[in-house]
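Okay, structure first, notes after.
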Amino acid sequence: MENTLYIAGPCSAESLAQLTATASQLKEIPFMYFRAGVWKPRTRPGSFEGHGAEALPWLNEIQQQFGYKVAIEVASAHHVELALKSGIDAFWIGARSVTNPFTVQEIADSLKGVDIPVFIKNPVNPDLKLWIGAIERVEKATNHALHAIHRGFSVYEKLRYRNDPNWQIALDFKIERPDIPLISDPSHMGGSRALLLELSQIAMDLHFDGLHLEVHHDPLNAWTDAEQQVTGPELLQILSNIRFRDRTDLLTKEILDLRKLIDSLDSRVLEILAERMHIADQIGQLKSENNTTIYQAKRWMELRERNVQKAKQLGLSTEMVSQLLKLIHQEAIRIQASYIQ
Ligand code: PEP
Ligand code: MN
């Protein structure tokens, strides 16, 4: 789609030759910023942590040779100072930095009065307030419009994705800050080339404003994030496979009728939940009178197992149903706990 904002480039700036080779593959992609990590936040020490300030002149070469605007990650006031001196065009604050309000404040203070685009990634933990808080800190300092990047959230057990998308947080973000363009980062979310198209498609269907994609001229030999990077031609192929659908709400009679049904079902679901919680309340009273504990492991496991089986029969997602049951159980415990002095 023509007004989609793209950020593309390698995970790390490895050498001038690597940046040039990658940049030369991107000429046909209408991206706005060529990205490259100069300071790399690594989970464990011992791996490549970026060339630091040494790589900044390489990015100046890219600006001159290709006419691209360049963006890097900044994680301290010192990074900001060096990057501003080098004429870097835009910054992003990485997911690890966004978890720390001191770091974000330090970066924000160093951006006072500076007119530069800043992209703020979601924190590694699923905390919408922390993400929005980081945006508020930076927007108080700069007068340039900000952007947010949704890159998913860390989980202990990596299942399908490197970072859990938790799309609902991104949608909640859009409700809280409809004025801030939201960009999707399917590279760090999926952690795998194979997932880029699927995740980009979901992001576009959820009305994201742009895509942030890692590109390397030789992904298999990339020094960082090798599994998730693609070549320029591969990226072009992915972008051409995304279906940009009409974003206007389709208000046909058929959809409006179906929505009426949904609305009445939602209302019934709530009535049933209220009835269920009322019964949990009565049980809480009895437990309290008889001095028994609220939590009963055997009962909870049986209930969960029975309903997950039922969900399967009904063709519902067992993951969704088990999460829903946990929420319901948690609320019942909260209600029953009110009887305990
Ligand atoms: C990056 O974009 O290179 C990066 C380190 O991402 P994140 O902060 O999302 O992990
Ligand atoms: Mn990366």
Side-chain angles (χ1 to χ4, degrees), residues 5-14 18-19 22 31-45 47-52 55-56 59 70-76 79 83 88-100 103-104 107 117-128 130-131 134-135 138 146-155 158 161-166 169-170 173 182-193 195-196 199-200 203 208 210-231 235:
L5 198 158
Y6 297 102
I7 302 170
C11 181
S12 301
E14 298 167 9
Q18 169 248 6
L19 291 178
T22 305
F31 65 93
M32 196 172 177
Y33 291 101
F34 178 82
R35 63 147 281 153
V38 160
W39 292 283
K40 297 300 303 171
R42 306 311 300 278
T43 304
R44 297 182 69 178
S47 37
F48 176 60
E49 296 195 322
H51 286 293
L56 295 172
L59 287 165
V70 295
I72 64 165
E73 172 169 354
V74 288
S76 69
H79 292 168
I88 298 296
D89 301 292
F91 300 149
W92 79 85
I93 307 182
R96 290 157 194 78
S97 301
V98 176
T99 55
N100 185 346
T103 301
V104 175
I107 297 170
V118 182
F119 295 79
I120 301 182
K121 290 208 170 188
N122 67 253
V124 286
N125 46 328
D127 187 338
L128 178 60
L130 199 55
W131 191 7
I135 286 171
V138 178
L146 304 179
H147 292 77
I149 301 180
H150 174 232
R151 47 79 83 195
F153 304 90
S154 266
V155 276
K158 311 243 178 280
Y161 304 111
R162 177 179 178 193
N163 289 293
D164 187 342
N166 219 325
I169 296 186
F173 178 93
L182 184 58
I183 292 164
S184 169
D185 176 355
S187 301
H188 291 92
M189 185 177 282
S192 147
R193 280 181 274 288
L195 291 168
L196 289 179
L199 288 169
S200 302
F208 275 65
L211 294 169
H212 165 287
L213 293 138
E214 283 192 341
V215 190
H216 193 290
H217 74 290
D218 181 12
L220 296 181
N221 291 305
W223 296 6
T224 54
D225 288 352
E227 309 76 36
Q228 70 196 31
Q229 302 198 65
V230 286
T231 63
L235 176 62

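Worth knowing before you read on, the calculation uses all heavy atoms, side chains too, and leaves out hydrogens, waters and symmetry mates. Numbering of residues begins at 1 and proceeds along the displayed sequence. Every number for a ligand or one of its atoms is a count from 1 in the order of the listing.
The count of protein N, O or S atoms under 2.8 Å from the Mn ion (ligand 2) stands at 4, with waters excluded from the count.
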Can you give me a line-by-line list of nitrogen or oxygen pairs between ligand 1 and the protein shorter than 3.5 Å?
residue  : atom   : partner : partner atom : Å
ligand 1 : 2 (O)  : Arg35   : NH1          : 2.6
ligand 1 : 2 (O)  : Lys121  : NZ           : 2.8
ligand 1 : 3 (O)  : Arg35   : NH1          : 3.3
ligand 1 : 3 (O)  : Arg35   : NH2          : 2.9
ligand 1 : 3 (O)  : Lys40   : NZ           : 2.9
ligand 1 : 6 (O)  : Lys121  : NZ           : 2.9
ligand 1 : 8 (O)  : Ala95   : N            : 2.8
ligand 1 : 9 (O)  : Lys121  : NZ           : 2.9
ligand 1 : 9 (O)  : Arg151  : NE           : 2.7
ligand 1 : 10 (O) : Arg96   : NH1          : 2.9
ligand 1 : 10 (O) : Arg151  : NH2          : 2.8

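Side-chain N/O atoms of Glu214 and His188 include a donor and acceptor closer than 3.5 Å.
Classification of the His79-Trp39 ring pair by plane angle, with boundaries at 30° and 60°, yields parallel. Note on ring orientation: taking the six-membered ring where Trp is involved, the planes of Phe34 and Phe31 are tilted (angle from 30° to 60°).
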Item to check | Residue pair Arg35, Asp185: steps toward the salt bridge (charged side-chain N to carboxylate O under 4.0 Å, His left out) verdict | outcome: CA-CA 12 Å; Arg35 63 147 281 153; Asp185 176 355; 5.5 Å; no

Next on the checklist: Evaluate His150 against Phe208 for ring pair (Phe, Tyr, Trp, His ring centres under 6.0 Å), listing each step before the verdict.
Outcome noted: CA-CA 9 Å; His150 174 232; Phe208 275 65; 5.8 Å; yes

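Atoms CZ and CG, from Phe91 and Leu146 in turn, are 13.0 Å apart once rounded to the nearest 0.5 Å.
Checked by atom type and distance alone, the side chain of Asp89 pairs as donor or acceptor with a backbone atom of Val70 at under 3.5 Å. For the pair Gln229 (side chain) and Ala222 (backbone), a donor-acceptor distance under 3.5 Å is absent. Arg151 places no side-chain N or O within 3.5 Å of a backbone atom of Ser184 that could act as its donor or acceptor partner.
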